[in-house]
Each structure stands twice: as C-alpha cells, then as structure tokens.
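Below is one structure; the comments refer to it alone.
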Amino acid sequence: QVQLVESGGGLVQPGGSLRLSCAASGSIFSINTMGWYRQAPGKQRELVAVINGAGTTTSADSVKGRFTISRDNAKNTVYLQMNSLKPEDTAVYYCKAEGVYWSYDDYRSPEDRRHDYWGQGTQVTVSS
C-alpha cells in the first residue's frame, strides 16, 4: 500500500504565500504523475496542477503565474508553491499520486497494475 502525507496548509492573508508538500511512502517502484487538486465548500474538486516524472506540468488557468508545482522523484515528493494568494484560493487541497507501480514486476507486467492514491487533504484559508 501507499500513503500520501500532506503538509504546509494554513491561514494566510491575501497576497501571501504558502508551500504545500506531499510525500508518498510505502510499496513504490515508480509514480507516473503527482499533483494537487482542491475543493472549496459547495464546489466540485478541481485540478490545480500536476507534474509527471519527466517534469512536464499542467496547471489550471486560475493559478498560472502564481502557483508553481515541482517534484523530487528520489523522495517521491511533490510541492506546490503558492504565491499571490487570493480569497478564492481557499479550499481543501488534496495530493494525488497516479499510475503508481508497486514493483518492477508490476511495471513489466502485461496487465495494468497501476494504482491511484489520494492524500487526506490540507486546509488553505486566504483571509484578512
């Protein structure tokens, strides 16, 4: 099994910054994509930013130029640097690991043995 542990959320004033971290641990041979999603009260969960093993990123238009996603493959850790925060960024932020192989045998198997995992979520509140 794989666990995702998030950290770095909190309360910040508009215009401030926060850095979220998410570390994956457990039976991991490789992880295809890691990323961040968020869910505000009364709204659906939405993509914030994702990054694959090669470093290619995708991010929501609402955060481009303000949020930066990065990844340390050796540590199976993904980061989200959030600058110029706005009240509308307030949400629970969830980390996701997609396409996780538990072992080399799983990676080489003709069967699809990939797994996806979610973190428990961390609250980000932007308010004065």
Side-chain angles (χ1 to χ4, degrees):
Q1 278 289 358
V2 173
Q3 298 79 39
L4 301 180
V5 178
E6 300 143 335
S7 60
L11 173 65
V12 64
Q13 292 187 343
S17 297
L18 283 176
R19 189 188 192 215
L20 305 183
S21 299
C22 172
S25 64
S27 300
I28 299 172
F29 170 74
S30 68
I31 304 174
N32 183 17
T33 301
M34 299 187 77
W36 295 93
Y37 293 73
R38 67 186 181 187
Q39 187 167 18
K43 294 188 176 181
Q44 290 189 332
R45 191 172 297 189
E46 63 177 4
L47 180 146
V48 177
V50 295
I51 183 170
N52 67 14
T56 302
T57 64
T58 300
S59 58
D61 288 343
S62 60
V63 306
K64 286 180 179 177
R66 300 188 299 123
F67 292 9
T68 301
I69 189 169
S70 60
R71 176 174 173 173
D72 186 332
N73 290 329
K75 295 182 179 180
N76 291 323
T77 299
V78 64
Y79 307 95
L80 185 68
Q81 178 65 44
M82 303 186 293
N83 299 328
S84 302
L85 282 160
K86 305 175 181 179
E88 50 264 43
D89 294 318
T90 296
V92 178
Y93 283 69
Y94 295 91
C95 175
K96 185 178 184 183
E98 296 180 52
V100 179
Y101 287 104
W102 291 348
S103 67
Y104 178 72
D105 286 344
D106 284 349
Y107 175 74
R108 295 288 296 174
S109 173
E111 301 174 355
D112 185 357
R113 295 188 178 180
R114 294 171 296 179
H115 304 270
D116 296 343
Y117 298 93
W118 288 94
Q120 79 284 358
T122 185
Q123 178 69 46
V124 171
T125 302
V126 184
S127 175
S128 55

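These numbers come from the heavy atoms of this one structure, side chains and all, not from hydrogens, waters or symmetry mates.
- Sorted by first and then second residue, the pairs that involve residues 23-40 and meet salt bridge (Lys or Arg N to Asp or Glu O under 4.0 Å), not counting sequence neighbours, are R38-E46, R38-D89.
- A donor-acceptor pair is defined here as one N or O able to donate and one able to accept, closer than 3.5 Å; such a pair exists between the side chain of T90 and the backbone of V126.
- Side chains of N83 and S17: a donor-acceptor N/O pair is present below 3.5 angstrom, by distance only.
- From D105, atom CG reaches atom CZ of R113 across 7.5 Å, with rounding to the nearest 0.5 Å.
- N76 and M34 get closest at one heavy-atom pair: O-CE, 3.6 Å.
- Listed by chain and number, the hydrophobic cluster partners of Y37 are L47, V50, V92, Y94, W118, where partners are ILVMFWY side chains within reach of under 4.5 Å, directly or through others.
- Considering CZ of F67 and OG1 of T57, their distance stands at 14.0 Å, rounded to 0.5 Å.
- In this structure, the side chains of I69 and S59 stay at 4.5 Å or more apart for every pair of heavy atoms.
- Within a 6.0 Å sphere centred on CZ of F29, heavy atoms belonging to other residues, nucleotides or ligands number more than 12.
- Between S27 and S103 the shortest side-chain heavy-atom distance does not fall below 4.5 Å.
- With rounding to the nearest 0.5 angstrom, the CD atom of Q3 is 8.5 Å from the OH atom of Y117.
- Distance CG/N52 to CZ/R71: 7.0 Å, rounded to 0.5 Å.
- Applying the salt bridge (Lys or Arg N to Asp or Glu O under 4.0 Å) test to every pair with at least one member in residues 2-21, sequence neighbours left out, gives no pairs at all.
- Annotation for P14 and S128: closest pair CD-N, 3.7 Å, computed over non-hydrogen atoms.
- With D116 contributing its side chain and G99 its backbone, the two residues share a donor-acceptor pair below 3.5 Å.
- Y101 places none of its side-chain heavy atoms less than 4.5 Å from the side chain of S109.
- Residue S21 comes nearest to W36 through the heavy atom pair O-CH2, 3.6 Å, listed as atom of the first residue, atom of the second, then distance.
- Connection of I51 to V2 is established within a shared hydrophobic cluster, with ILVMFWY side chains joined at heavy-atom distances below 4.5 Å, either directly or through further cluster members.
- Considering OG1 of T68 and CE of M82, their distance stands at 11.0 Å, rounded to 0.5 Å.
- For the residue pair L4 and C22, the shortest heavy atom distance occurs at CB-SG, 3.9 Å.
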task = Begin with the C-alpha distance, continue with both residues' side-chain angles, and end with the deciding distance and a verdict on side-chain contact (heavy atoms from CB on, under 4.5 Å) for S7 and T122.
result = CA-CA 7 Å; S7 60; T122 185; over 6 Å; no
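- Crowding of Q44 atom CD: a count of heavy atoms from other residues, nucleotides or ligands under 6.0 Å not exceeding 12.
- Here the closest non-hydrogen pair linking Q120 and V5 is OE1-CA, 4.3 Å.
- Rounded to the nearest 0.5 Å, atoms CG (N32) and CD (E98) are 7.5 Å apart.
- With hydrogens and angles disregarded, a donor-acceptor distance shorter than 3.5 Å links the side chain of N73 to the backbone of G53.
- Follow the hydrophobic side-chain contacts under 4.5 Å out from I31 and you never reach Y79; the two are in separate clusters.
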